Trainee: 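One structure coming up, written as structure tokens, with questions to follow.
Just so you know, these numbers come straight off a predicted model, no measurement behind them.
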Amino acid sequence: MAGALIATRALRCISNQSVAIPGCVWERAHKRNIIIHRRLFSTASINNLIEHHKRIRCLVPKTTFAQLDPSQVFTNSELRLTDIEVIGFDYDYTLAPYNGALEGTIFNMIIEGLVSSRHYPPEISQLKYNPDFLARGVHFDILTGVFMKVDAYHRIAPDSVYQCFRKLTEKEIQDMYPGMRLFFPGGDSKRFRQIVDLFQIPELYAWCSVLDYLQSTQSTPHPVLVYEDIKNVTSELHVHGTLHSHIMRNIEEYIEPNPKLVDMLVMLRRENKQLFILTNSPYEFLNVGMKHIMGENWRKSFDVVICQSMKPKFFEDKYRVFRRLTSHNTPAYGQVTEFKEGEVYCEGNVRDLHRLTGWQPCNILYFGDQMYADLAEPVLNQGWHTGAIIRELEREIELLNSAEHQHNMFILKELNNLIREVQRFLPDPTAVHYTDLWCIERKQVRAELRRLHISEFCSSFRTHLMPTLFYRRLSRFAEIYTSNLTNLAHYHPSHYRFTPVRQDLPHEISGNSGMLDND
């Protein structure tokens, strides 16, 4: 009764007075109120539920809930930094946090390549890049040009499906993908792809834009052929070094110097952590970027530097030997028997890395941004610990901390709870009526939440009720994740223990009323 009284007083204070209470006080009161709700609803009549619905908007707090820290490192699996002796880093989007200008440059280069080498209409040169349309984690169908968000159980989110820039109706989605699920009959997995790399976003926006333009001119482009042309042009940008050369000439436009990174690496070395770089980028490209980020002496911060590693082959092919780079940045032909200070190496494999360094896999923590190339193989098959750098978290947390988002989420959770409870009285006509009525209201609140997002595909991490397939894989491949590598500096490198928050399973929630549901 004491807990119920505290929660009731807190709610009365919020609903009747325009006073702010600390987020932690509201949070404690709301958690106690969850218990009150479960007890109330376990014996509630339909009239009780209807009366509670009338009061929902009065219960919305006049202040925001406890704020999330955008510089926090989030935990999927327990990780003790005292066990970590070696820390490794990818380069692109990990050590080098490119700004949004790079995506626009890549888009323009792809369009230029389509016109000059694939003879596409010169009018497509007028197409403009929109960085806010696509998002990492979105799936796409190369046969139809459809982009979609998919949850952890391969269910398609019906309000996040677009064919190029046209939003599809639920009927159109049902006709194209029966059952509203993404599945691969007959091994058709190559038809469906996922955006897992930030470099893919401008590439796929080019595909979307060019398809849309060609269709608007009464052409009949085949989505697969346009997709293959764009993939080939993009590959040529990398193979011929065009993209790397442009970035090196204009490095200050895409990356800022990062003294925080220097300070963090100094702190790690002071705690006797061994540091290494493992990247697919060539050394010349890495060197220009790291000099800009950290200064001329950046190599002194790392015990081992490995370039052109060809991940994920680095973790899979046991017979690719290491090669030392000469002063001319060409691979030497001599056998590598040890890693020498100041030298740079290329190619190689993970087995030889362990052998030449004496590092134990269970003592290695590796950070990267690409879940498959950087994280999946080392954590699943090599015994490394892994951390993901997810740039989108900054925008996601800014949204989650907004008062409008938090207040709508409060209402949404209350409506979810009412819908579950009123269905206990089915098939009573009144229960049927209010189930339908509150579902309509819930849809309206969800639309308000969608409006707050910049991308048409909203959050990369969840659909309305479920985590996305992107987050499901993130939680499997990364033990910790954060928005920026330097956020690690907030945690003591030899003593901190990352501990995940215990999540209640559906069968562990009393009455399964769903008050802890996260939409």
Side-chain angles (χ1 to χ4, degrees), residues 79-92 94-96 261-262 264-283 286-287 290 294 297-327 329 331-370 373-389 477-480 485 488 493-494:
L79 174 65
R80 301 189 307 171
L81 292 184
T82 187
D83 295 333
I84 301 302
E85 298 175 0
V86 184
I87 303 179
F89 310 95
D90 182 35
Y91 174 66
D92 294 306
T94 301
L95 288 169
L261 177 62
V262 178
M264 186 191 79
L265 295 177
V266 168
M267 177 187 70
L268 293 174
R269 292 187 72 83
R270 192 169 56 239
E271 294 294 325
N272 298 316
K273 305 296 184 184
Q274 293 185 281
L275 307 179
F276 71 99
I277 294 176
L278 179 66
T279 176
N280 289 351
S281 297
Y283 177 69
L286 170 70
N287 188 38
M290 291 302 290
M294 295 182 59
N297 297 320
W298 69 269
R299 278 168 56 176
K300 293 183 178 179
S301 297
F302 300 93
D303 297 280
V304 178
V305 176
I306 302 168
C307 301
Q308 296 170 291
S309 63
M310 296 182 66
K311 294 173 295 180
K313 275 190 176 181
F314 180 86
F315 299 106
E316 300 167 347
D317 188 344
K318 298 179 181 179
Y319 302 103
R320 293 176 65 251
V321 297
F322 280 105
R323 303 184 71 173
R324 180 181 60 85
L325 285 184
T326 68
S327 57
N329 289 334
Y333 54 79
Q335 183 179 1
V336 175
T337 58
E338 62 177 328
F339 290 130
K340 295 181 180 179
E341 184 179 351
E343 298 285 6
V344 176
Y345 301 88
C346 64
E347 303 180 25
N349 65 83
V350 70
R351 182 179 64 176
D352 284 348
L353 176 67
H354 296 159
R355 178 177 60 83
L356 293 172
T357 59
W359 296 340
Q360 296 300 311
C362 61
N363 301 132
I364 299 174
L365 170 61
Y366 183 69
F367 285 94
D369 71 292
Q370 221 274 24
D374 293 335
L375 306 177
E377 181 68 21
V379 74
L380 296 180
N381 297 319
Q382 302 300 333
W384 290 15
H385 300 281
T386 51
I389 305 302
F477 300 152
E479 292 168 86
I480 56 177
L485 181 61
L488 190 65
S494 293

Trainee: Establish, yes or no, whether a centroid distance under 6.0 Å links the rings of F276 and F339.
Mentor: no

Trainee: Could I get the full list of side chain to side chain donor-acceptor pair (under 3.5 Å) partners for K311, not counting sequence neighbours?
Mentor: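 So K311 forms a side chain to side chain donor-acceptor pair (under 3.5 Å) with D90, Y366, D374.
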
Trainee: Residues in side chain to side chain donor-acceptor pair (under 3.5 Å) with T386, at least two apart?
Mentor: none

Trainee: Can you name the salt bridge (Lys or Arg N to Asp or Glu O under 4.0 Å) partners of D92, sequence neighbours left out?
Mentor: none

Trainee: If the threshold is 4.0 Å, N to carboxylate O, is there a salt bridge linking R269 and D303?
Mentor: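 Yes, this pair counts.
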
Trainee: To the nearest 0.5 Å, tell me how far E377 CD sits from F477 CZ.
Mentor: 10.0 Å

Trainee: Just so I know, are the side chains of Y345 and K340 near enough to count as touching, which here means a heavy-atom distance under 4.5 Å?
Mentor: yes

Trainee: Going through the checks in order, is the side-chain contact (heavy atoms from CB on, under 4.5 Å) test met by L95 and T279?
Mentor: CA-CA 10 Å; L95 288 169; T279 176; over 6 Å; no

Trainee: Just how far is it from atom CD1 of I306 to atom OH of Y283, taken to the nearest 0.5 Å?
Mentor: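 So the gap between those two atoms works out to 14.0 Å.
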
Trainee: Kindly indicate whether the side chain of H354, heavy atoms from C-beta on, has any atom under 4.5 Å from the side chain of I364.
Mentor: yes

Trainee: Does any part of the side chain of N287, heavy atoms only, come nearer than 4.5 Å to the side chain of N329, both counted from C-beta?
Mentor: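 Counting from C-beta outward, N329 and N287 never come under 4.5 Å.
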
Trainee: Taking ring-ring contact (aromatic ring centres under 6.0 Å, His included) as the test, write out the residues that go with F367, two or more places apart.
Mentor: none

Trainee: List the atom of E271, the atom of S494, and the distance in Å for their closest heavy-atom pair.
Mentor: OE1-OG, 2.8 Å

Trainee: Could you walk me through whether V304 and W359 pass side-chain contact (heavy atoms from CB on, under 4.5 Å), step by step?
Mentor: CA-CA 12 Å; V304 178; W359 296 340; 3.9 Å; yes

Trainee: Please report the shortest heavy-atom distance between S301 and L275, naming the atom on each side.
Mentor: O-CD1, 3.4 Å

Trainee: When rounded to the nearest 0.5 angstrom, what distance separates CG in L365 from CG in L268?
Mentor: 9.5 Å

Trainee: Mind listing the closest non-hydrogen atom pair of C307 and S281 along with its distance?
Mentor: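 In terms of heavy atoms, the two residues are closest at CB-O, 3.3 Å.
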
Trainee: Can you check side-chain contact (heavy atoms from CB on, under 4.5 Å) on N349 and D317, steps first, answer last?
Mentor: CA-CA 6 Å; N349 65 83; D317 188 344; 5.7 Å; no

Trainee: Return the set of residues passing side chain to side chain donor-acceptor pair (under 3.5 Å) with R351 (not counting sequence neighbours), or none when no residue passes.
Mentor: none

Trainee: Find the distance between CD (E343) and CD (E338) and round it off to the nearest 0.5 Å.
Mentor: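 Separation between the atoms: 10.0 Å.
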
Trainee: Checking T82 now: which residues fulfil side chain to side chain donor-acceptor pair (under 3.5 Å) with it, not counting sequence neighbours?
Mentor: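 With sequence neighbours excluded, T82 shows a side chain to side chain donor-acceptor pair (under 3.5 Å) to no residue whatsoever.
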
Trainee: Side chains of L485 and M264: closer than 4.5 Å at any heavy-atom pair?
Mentor: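 Result yes, sub-4.5 Å side-chain heavy-atom pair found.
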
Trainee: Answer whether the closest heavy-atom distance between the side chains of L265 and W298 falls below 4.5 Å.
Mentor: no

Trainee: Taking N280 for its side chain and M310 for its backbone only, find out whether a donor-acceptor pair lies under 3.5 Å.
Mentor: yes

Trainee: Quick one: do E85 and Q274 satisfy side-chain contact (heavy atoms from CB on, under 4.5 Å)? Show the steps, please.
Mentor: CA-CA 6 Å; E85 298 175 0; Q274 293 185 281; 5.7 Å; no

Trainee: Which heavy atom of L278 sits nearest a heavy atom of S309, and at what distance?
Mentor: CD1-CB, 3.6 Å

Trainee: Is a donor on one side and an acceptor on the other found under 3.5 Å between the side chain of K273 and the backbone of I87?
Mentor: no

Trainee: Please report the shortest heavy-atom distance between G368 and L375, naming the atom on each side.
Mentor: N-CD2, 3.9 Å

Trainee: For G348 and R320, work out which heavy atoms get closest and say how close.
Mentor: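 Closest approach of G348 to R320, heavy atoms only: O-NH1, 2.8 Å.
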
Trainee: Using a 4.5 Å cut-off on heavy atoms from C-beta on, say whether the side chain of Y91 contacts that of V305.
Mentor: no

Trainee: Determine whether a donor-acceptor pair (N or O, by modelled atom type, separation under 3.5 Å) exists between the side chain of N363 and the backbone of D83.
Mentor: yes

